[in-house]
Peer 1: 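Pasting in a structure now, in structure tokens, and then I'll have a few things to ask.
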Amino acid sequence: MGRQLKFNIFRYNPEDSASVPHMETFRLEETEAMTLFIALNRIREEQDPSLMFDFMCRAGICGQCAMLINGRPDLACHTKTKKLPDDITVLPMPVFKLIGDLSVDTGTWFRDMNTKVESWIHSDKVLDPAAQEERMDNVLADEIYELERCIECGCCVAACGKANMIPEKFMGAAAFNRIGRFMLDPRDQRTENEYFEVVGTDDGIFGCLGLLGCEDVCPKKLPLQDQLGMLRRKLGFSAVQHIFGKVFSSKK
Amino acid sequence: MYTQTVAQAKEPVRNDAMYDFLQMATGVALVLFMWAHMILVASVNLDFGGGRVMNFIANFFEATYMAQLGGPVIFLVLLFHFFMAARKFPFRAEEQKAMWTHTVRFNHMDTWLWIIQAATAFIILVLGSIHLFSVLTTLPITAARSAARIQTGWWLLLYLVLLPCIELHVGIGAYRIGVKWGWIKRSTREYFHGMENKLSFVMIGIGLITLIMFYFIVTPDPTFMAKTPIPHM
Amino acid sequence: MDTFYADVLCVGAGLAGERVAVEAASRGYKVICLSLVHAKRSHSSAAQGGMQASLGNCAKGEGDNPDVHFSDTVKGSDWGCDQEVARLFAETAPLAVREMCAWGVPWNRVVPGKSMYYKGGQEFEKFEKQENEGLITARDFGGTAKWRTCYTSDGTGHTLLFTMDYQATKYGVPVHDRVEAISLIHDGENCMGVVARNLKTGKLCAYIAKATLIATGGYGRLFRETTNAVICDGSGAIIALDTGMVPIGNPEAVQFHPTGIVPTNILVTEGCRGDGGTLLDVNEERFMHIYEPAKQELASRDVVSRWMTHHIRLGKGVKSPYGDHLWLDIRHLGAKHIKTKLRDVEEICNEFLDRDPITQLIPVRPAHHYSMGGVRTNKDGAAYGLKGLYAAGEAACWDMHGFNRLGGNSLAETVVAGRIVGNKICEFLEGCSVSLKTDVIDAEVKKQEARIAAVKASTGKENAYELRNKMQDLTYDNVGIFRNAGDLTKAVEGLQEVYERSKNIGIRSNSMGGNPELTFALKLPGQVRLALCTAYAALQRTESRGAHSREDFPERNDRDWLLRTLATWKEGDTLPTLNYERPSKVWELPPGYRGYGEDKRIECEDPEVTGKK
Ligand SMILES: Cc1cc2nc3c(=O)[nH]c(=O)nc-3n(C[C@H](O)[C@H](O)[C@H](O)COP(=O)(O)OP(=O)(O)OC[C@H]3O[C@@H](n4cnc5c(N)ncnc54)[C@H](O)[C@@H]3O)c2cc1C
Ligand code: HEM
Ligand code: HEM
Ligand code: SF4
Ligand code: F3S
Ligand code: FES
């Protein structure tokens, strides 16, 4: 006999005017190697077919299933019930638009973010695919990959106090990481000024309060703290230099 | 949608960066000041409440006019720091509520630290200003005068509140500056976090000993309290 | 109701869909992509291993070229592929890799000097040339003569898809995510777009386009145990099948992978066995050496999967709440090896099984992995049956995989086909003048509205999830790794019964908005139809070829079965209509022995195929 698990699940369907946000309790017997993917699907198929939640890869690589599990944003599919107490509270992630119950719209948010930070290689080189590729040091390739591993799950955003305070505005750690990725990439010809234009504001890197919720929850363990620090230092000091430079030149 | 931005030479607006830098710079300045301040005040312990060392240091600052000038400057820096930092503070009720809900639900150390920092900031603003005003209007600083103040009215209580607030704010602030500006790395975070905790404790400890010294041991200047404009808080 | 207009409508925003979208958008056409999920979550992101392209930069890939890649692909397909397409593919793959490189994929690069590698559990040495430093490198994959699989660590699909979506973002291609295409709009001749259901609001909308692309990926979820994601449910193939005109090519050609973990069937890489891991049964004893004395655990994917299933049927499986399974043992490889070369496997075991592969056994069993079949297209990617309809990627039967696809060839297919098909779609658009037949559009929307209303109002007692389980049991148990007339007949009959019952699905929840139960109930009958295509085509194909392995017909029969299955579904029928076509007139490489596995063949006599006069 497995443990009797008690799931307290947030319920609300914004499409239904009669629906009010509330918590609902479901009970389930724990089975071996049970994950929240298995548990939530069983609840939907056996107890309440209207329960809304999202899964895709169920292997911890697509970022579709992020939710608050006992208060902490994490991927539900790689969360084993064994690691949780008998009483499990699941809430949808804040900051993102609620679709219903545990389902939130991370897709639209991330597309906007990608557009905002112009998340693509900016280059005016004309590509000749028949020619040999440009060389790159393997160490650099690995470094870029390390930052490219973000799965856009949104955990870092949901865990960020600043993003919770100004949800429509603050860009979030995933965006800063993405900028860091392109700054590292020699194929992107953007200048520091252009990066500055994109993230050098209080809704961008200078609004980050250093809360490190992002760093602590990222399921892919991206080096967010180090990226954030690098970005602020680089852009912050370049601004100082720039302004002092202006002061000096105007005195002349 | 796609515009070739590579060739663009538009100058970005750098205000936010500058404000953030100034917030950090004033923070660092205040941290350094508070440590120096601690040396002055805690020096009263060095000769077990005799006040000779403290008086000597205070004398030095006054003789060089550093206190007379520095005091108001510190006050201005403090105000400036407040204005810079307040830009990050959620003044709208719904923002505050969102932050509070998030903090309680998430229950995450560094997020709690920020709440502490923001809360202590306001206490410091009020109590620190009162303290500053009192000290700067009753120059010169001597151990006996400080003792007289601390042994009068609500002053001891004021310091008992202000002291931990300041030390927490300073400790957390220093740690957070390190994190935000990338000097504290993922690999060294745990170490500095530990340092920050220890430093705050040690500072509060020294401060408490100092207060005890002023309250019980140092002989107060009996005529002093009549001179201060806020005599019996 | 919302109606959207575009030049090109890409149903699916995975690698194939977005590649086509980028091609058309970069030339100024108006493109819209539909997807069930945020584009970057499409299942392409799950591919770890890599993508094949004959760059020949690394030491073990020296001398590689499109000819070698072509021949590997044809042999891999067990001569089931279209050789004209395979040639086109092999020639374009290097260009596609370099293009992805310029767009930002951080491909792993050649590091000059001496290094070690493992093969069959043994260590060997190789030496990379100084002059190739910094060029795109490659790793070894099954069924290839050279090291040809370009990769980014263990996240190749992820980096490819992200890079592709960066391009789509750059060109401002709108991706309407959580929108599911539920039927094609057509007048029997031209395809005009799709009717789709918004999964956030539950509302219907129409997407009208001059060219419509189906790039919806595989349909692994027809099977109980699959490495595929939960959205790989075949809905793209279903909307094509539902036209009654567009055929599904080779629906019986499905690939199984030996090592999906139990319970969730997440894939653990072939590298485990490649590096010397073994398979154990309930008594913790090896068994592969009994069945395959020569190659043992390292026999090809389909062979190992077959014997594992056989062994489980003998009652030698390990019982678990999630069904019987076997063990994969990599403990003897040692902590160092596992922590460096099999990092991902270690992570998967720890995260999903709570097991440490360094000290514990890994529960595995064969799982469905890849659908070679799909919407049948010509070499331009144009679907049979309807003008203006295209397909690419795993959803298509472009037909370069035949009856078995090589690892690394399907990521390559998505970007290569996307490039070629995108180009062809643009050519089509240039000379295209369509008249929008509003009556056809309205009629299709009405039809779908009625279908949804009927499911909502149904008083039927059938439970959609139960029927799905039934369907998945039937396919996995009977149309699986081993096939024979008895099992396949059982599957066809069983599925026909499920199909009948699926007409009486009653939904328990009438919640508004997306309503997950309704979404699912709407899809299920189509899934059963698709499963019937697979089962019935498998029953009819009385030979063994590639992954299609008939116990009662063990030979590859080139005399009678050098044919591609084309399955269509006439409305009201309970079985698909099967037709057959010759793969291609081009026989650059006449049918022969693959060079691995058993050589059991019935030779083809046709001079047009063999080249013998
Ligand atoms: C675990 C695993 C590992 C793999 N590893 C490798 C490997 O190493 N190398 C290799 O070459 N191949 C590998 N493959 C295979 C390869 O990843 C896929 O075949 C390929 O990525 C499919 O790409 P696609 O663009 O065709 O489809 P997908 O990426 O699956 O995209 C399908 C798209 O269609 C959308 N869609 C589906 N239905 C609808 C609908 N009804 N309406 C609207 N949108 C819809 C989806 O939302 C999605 O955007 C692997 C596969 C798996 C499962
Ligand atoms: C002598 C007194 C003070 C010292 C030494 C001090 C020091 C610091 C330091 C070091 C920081 C971190 C700076 C940064 O994160 O960039 C900080 C942040 C902050 N300070 Fe102060 N401070 C003092 C007084 C005040 C006062 C009076 C206020 C206002 C009421 C205040 C409000 C804040 C706030 C809100 C922050 C957080 C801002 C953020 O994290 O971005 N501080 N302070
Ligand atoms: C130039 C400015 C300052 C001067 C000259 C000064 C001087 C002093 C002196 C003389 C004392 C001893 C007690 C007393 O006389 O009342 C003291 C104590 C104290 N001051 Fe200041 N101070 C200054 C600024 C500040 C500021 C800005 C703060 C914080 C906002 C602060 C916080 C404290 C605290 C908490 C104590 C109690 C210390 C302890 O117990 O160790 N001071 N200060
Ligand atoms: S940075 Fe980490 S937490 Fe944030 S979206 Fe990417 S993977 Fe998720
Ligand atoms: S949690 Fe938020 S405030 Fe900064 S350090 Fe992370 S983005
Ligand atoms: S479902 Fe993909 S990360 Fe959980």
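In what follows, every chain begins at residue 1, and chains take the letters A, B, ... in the order their sequences are listed. As the structure is a prediction and not an experimental result, all values here were calculated from the model.
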Peer 1: Rounded to the nearest 0.5 Å, what separates atom CE in A:M165 from atom NE2 in B:H102?
Peer 2: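 Interatomic distance, A:M165 CE to B:H102 NE2, rounded to 0.5 Å: 8.5 Å.
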Peer 1: Between B:L22 and chain A, with a heavy-atom cut-off of 4.5 Å, which part of the residue counts as in contact: side chain, backbone, both or neither?
Peer 2: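 Contact with chain A: none, neither part.
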Peer 1: Might you confirm whether atom CE of B:M109 has over 12 heavy atoms from other residues, nucleotides or ligands at distances under 6.0 Å?
Peer 2: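 No - once you tally the heavy atoms of other residues, nucleotides and ligands closer than 6.0 Å, there are 12 at most.
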Peer 1: Given B:R176 and A:L211, is the side-chain contact (heavy atoms from CB on, under 4.5 Å) satisfied, shown in steps?
Peer 2: CA-CA 8 Å; B:R176 204 191 297 288; A:L211 303 176; 3.9 Å; yes
Peer 1: B:R189 vs A:D226, test: salt bridge (charged side-chain N to carboxylate O under 4.0 Å, His left out). Steps then yes/no.
Peer 2: CA-CA 10 Å; B:R189 174 177 165 201; A:D226 294 352; over 6 Å; no
Peer 1: Please test B:I184 against A:Q225 for side-chain contact (heavy atoms from CB on, under 4.5 Å), starting from the C-alpha separation and ending with a verdict.
Peer 2: CA-CA 9 Å; B:I184 298 177; A:Q225 177 186 347; 4.1 Å; yes
Peer 1: Between A:D188, A:I205, A:N70, A:D216, who has the most heavy-atom pairs with chain B when the cutoff is under 4.5 Å?
Peer 2: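 Ranked by heavy-atom pairs under 4.5 Å with chain B, first place is A:D216.
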Peer 1: Show your working on side-chain contact (heavy atoms from CB on, under 4.5 Å) between B:E95 and A:I166 and close with a plain yes or no.
Peer 2: CA-CA 7 Å; B:E95 287 174 8; A:I166 48 169; 3.6 Å; yes
Peer 1: Quick check for you: to the nearest 0.5 Å, what is the distance between B:M24 atom CE and A:F206 atom CZ?
Peer 2: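 Between B:M24 CE and A:F206 CZ, I get 10.0 Å after rounding to 0.5 Å.
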Peer 1: B:D16 side chain to A:D202 main-chain N or O, any donor-acceptor pair under 3.5 Å?
Peer 2: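 Yes; judged by distance alone, with no hydrogens or angles, the pair exists.
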Peer 1: Determine the minimum heavy-atom distance between A:N164 and B:A98, stating which atoms define it.
Peer 2: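 In terms of heavy atoms, the two residues are closest at O-CB, 3.4 Å.
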Peer 1: With a 4.5 angstrom heavy-atom cut-off, which part of A:V198 approaches chain B: side chain, backbone, both or neither?
Peer 2: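 A:V198 has no heavy atom closer than 4.5 Å to chain B.
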Peer 1: Check each atom of B:V104 against the heavy atoms of chain A and say whether the ones under 4.5 Å are side chain, backbone, both or neither.
Peer 2: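 Neither the backbone nor the side chain of B:V104 comes within 4.5 Å of chain A.
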Peer 1: Please determine, by modelled atom types, if B:R14 and A:N193 share a side-chain donor-acceptor pair under 3.5 angstrom.
Peer 2: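 Indeed, the side chains of B:R14 and A:N193 share at least one donor-acceptor pair under 3.5 Å.
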Peer 1: Go through the steps for B:K88 and A:K162 under the test side-chain contact (heavy atoms from CB on, under 4.5 Å), then give the verdict.
Peer 2: CA-CA 9 Å; B:K88 310 284 173 68; A:K162 181 74 175 206; 4.2 Å; yes
Peer 1: Using non-hydrogen atoms only, which part of B:R87 is less than 4.5 Å away from chain A: side chain, backbone, both, or neither?
Peer 2: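 Contact with chain A: side chain only.
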Peer 1: Measure B:F106 against the heavy atoms of chain A and call it side chain, backbone, both or neither at under 4.5 Å.
Peer 2: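 When you check distances to chain A, atoms from both the backbone and side chain of B:F106 fall under 4.5 Å.
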Peer 1: Count the heavy atoms of every other residue, nucleotide or ligand shown that sit under 6.0 Å from CE of B:M18, and state whether that count exceeds 12.
Peer 2: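 Result for CE/B:M18: enclosed.
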Peer 1: Against chain A, label B:W112 side chain, backbone, both or neither, depending on which of its atoms sit under 4.5 Å from a heavy atom there.
Peer 2: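 No part of it gets close to chain A.
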Peer 1: Has the side chain of B:R105 got a donor or acceptor atom that lies under 3.5 Å from a matching backbone atom of A:G71?
Peer 2: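 Absent.
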Peer 1: Mind ranking A:A158, A:A159, A:G207 by heavy-atom pairs under 4.5 Å with chain B and telling me who comes out on top?
Peer 2: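 Ranked by contacts with chain B, first place is A:A159.
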Peer 1: Between A:R232 and B:W181, is NZ or CZ placed under 6.0 angstrom from the six-membered ring centre and within 45° of the ring axis?
Peer 2: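 Output yes; distance and angle both within limits.
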Peer 1: Can you tell me which portion of A:L91 sits under 4.5 Å from chain B's heavy atoms? Options are side chain, backbone, both or neither.
Peer 2: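 It is the side chain, since no backbone atom gets that close.
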Peer 1: Tell me, side chain or backbone of B:T111 under 4.5 Å from chain A's heavy atoms, or both, or neither?
Peer 2: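 Both parts, backbone and side chain.
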Peer 1: First locate atom CG of B:L113, then atom CG of A:L212, and finally report the distance between them rounded to the nearest 0.5 Å.
Peer 2: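 It comes to 9.5 Å.
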Peer 1: Would you please indicate yes or no on a ring centroid separation below 6.0 angstrom for B:F21 and A:F237?
Peer 2: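 They qualify: ring centres under 6.0 Å apart.
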Peer 1: For A:E134, is the CD atom crowded, meaning more than 12 foreign heavy atoms sit under 6.0 Å from it?
Peer 2: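 Atom CD in A:E134 is not packed in, count stays at 12 or less.
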Peer 1: Below 4.5 Å from any heavy atom of chain A, which atoms of B:Y19 appear? Answer side chain, backbone, both or neither.
Peer 2: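 B:Y19 has no heavy atom closer than 4.5 Å to chain A.
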